[in-house]
There are 2 protein chains.
Amino acid sequence: MAENKGKRTEPTARPSTRERILVSTLSLFNQKGPEAVTTAEIAEAVRINQGNLYYHFRTKESLVVALFSRFEADALALVAEADAVPAPDSKAYAGFLRKWFSLVWTYRFLFRDLPGLLATAPGLRGPILAVSAGMRLSVDVIFQRMETAGLISVAADDRKPLLANVWIVSTYWAVYLGLQEGVRDLSPQHVHWGLSQVASLLRPYLSPQAKADLEEMLSEPLA
Amino acid sequence: MAENKGKRTEPTARPSTRERILVSTLSLFNQKGPEAVTTAEIAEAVRINQGNLYYHFRTKESLVVALFSRFEADALALVAEADAVPAPDSKAYAGFLRKWFSLVWTYRFLFRDLPGLLATAPGLRGPILAVSAGMRLSVDVIFQRMETAGLISVAADDRKPLLANVWIVSTYWAVYLGLQEGVRDLSPQHVHWGLSQVASLLRPYLSPQAKADLEEMLSEPLA
DNA sequence: GTCTATAGCCTGATAGAC
DNA sequence: GTCTATCAGGCTATAGAC
């Protein structure tokens, strides 16, 4: 786990106002979407004055940008971690998947309505597309490695569609859950549900060994 | 195809102002999301005055509701059509799938950000969940019929996850496309892409006959 | 760093003439 | 049915005292 970039939390001191603002804002954004959350609402949640909020973040957009930066850092760290796995190892990849799911849930407001998000923070278009492309590339590489290791076997024609479906399900599963039932708080069960959805996507293509590893991960106690 | 409920278009007369408002609003909502579209913007697009707009629709919410009603009517008609298929017929079901895709694209603003949508039109929560549940039930029935007809074979444990994945992909493919590349206008290629994504989801479970029917539909000229 | 007070804009919506 | 004119309220953001 990387160290606390941007002093996300000081080890000894209590959380700074800036930190508290970001935590509350993330929570509100996830609940109602950035466009539906007012700066007054944020200030109230943090129990500070609205003017004070603007001392720390001069625009609403800068709040969105700051939260995205955190997501970006976490996502890139995860990719680096996955790339660093020495030999193809389905268990390591399964763990990678689980972390990605947790990340998607934590920052789910980023996925809920991208066009709307870009309306309030236009400067985010480039970075978002870059992260998205990077993640997909990383998944692609993992697939290739698993294939050469005989863990998975996908016909050439099926490869791209399968990757796209994996991406869609592992990205929008949280949105789907939020719709289907008014799921508001992430319980480990929900992450597990999402994981099993992706698992069922892959299962037809896995080797017996990889399949066994996957089932084992799914039956593991929830992190 | 059902007749024009709510006088969607009069056969002879040119489109009414009300109709023009709905068409323009749908387009704007799909482009920018309901929350980002102002009534002034709508009035300008229709080339009428803002006061006139409020003569036809007294609230912004009523615009959302009116558009949803159209989607609802189309969706229910589609379900009825699917239920009326006399014998299990993969070609008929494939056509059903294609129409559903077209519908999702046409009203994609409804799927883009459900929580945000409910913020501007709270009364829509019930109807939306009802339609969603109805659609999923209908798909479930189709699966059952295909199974008893030997067109498809899914292990009991895999059934529910597969259905959920079909639902996720067939609902969020448009959102995914909008993100991945700035796809704004539906070309038939995009619908075809979405269809092929769902097809690749089902392919591992299809009988040779059903698979052949599916490939045939996919290679057909785009409607 | 935190507060009070307020500016300035934009929004959805209404009243009433034509 | 369509327009002009206008309002009240909420929003982001700033200025300046403490």
Does A:Ser24 use its side chain to pair, donor to acceptor, with the backbone of A:Ile21 at less than 3.5 Å? no
Starting at atom CD of B:Glu44, determine the distance to atom P of D:dC3, rounded to an integer number of angstrom. 13 Å
To the nearest Å, how far apart are B:Leu53 CG and C:dA15 C1'? 16 Å
Taking only heavy atoms on the protein side, list every residue of residues 56-65 of chain A lying under 4.0 Å from any atom of DNA chain D, sorted numerically. A:Arg58, A:Thr59, A:Lys60
For a 4.5 angstrom cut-off between non-hydrogen side-chain atoms, does A:Trp193 reach A:Tyr176? yes
Could you check how far CD of A:Glu19 sits from P of C:dG1, rounded to whole Å? 14 Å
Would you mind checking if A:Glu41 and A:Lys60 are paired as a salt bridge, meaning a charged N to carboxylate O distance below 4.0 Å? no
OP1 or OP2 of D:dT2 versus the side-chain N and O atoms of B:Thr17: is any pair under 4.0 Å? yes
Rounded to whole angstroms, how far apart are CD on A:Glu35 and P on D:dC11? 14 Å
Could you tell me if B:Ser187 and B:Gln189 have a donor-acceptor pair between their side chains, going purely by distance under 3.5 Å? yes
Would you mind telling me which of C:dG12, D:dT2, D:dC3 lies closest to the side-chain atoms of B:Tyr55? D:dT2
Atom pairs under 3.5 Å, N or O on each side, protein against nucleotides 4-6 of chain C: can you list them with distances?
from: C:dT4; atom 1: OP2; to: A:Asn49; atom 2: ND2; distance (Å): 2.6

Base, sugar-phosphate, or nothing for B:Val46, non-hydrogen atoms under 4.0 angstrom? nothing
B:Asp140 and B:Arg159, any side-chain heavy atoms less than 4.5 Å apart: yes
If only side-chain N and O atoms count, and only distance matters, is there a donor-acceptor pair under 3.5 Å linking A:Asn52 with A:Thr17? no
Looking at side-chain heavy atoms only, is the closest gap between B:Leu103 and B:Lys99 below 4.5 Å? no
Excluding sequence neighbours, so at least two apart, what forms salt bridge (charged side-chain N to carboxylate O under 4.0 Å, His left out) with B:Glu44? none
Residue B:Tyr54, side-chain heavy atoms: nucleotide from D:dG1, C:dG1, C:dA13 that is nearest: C:dA13
Determine yes or no for a side-chain-to-main-chain donor-acceptor pair under 3.5 angstrom, with A:Asp83 supplying the side chain and A:Ser138 the backbone. no
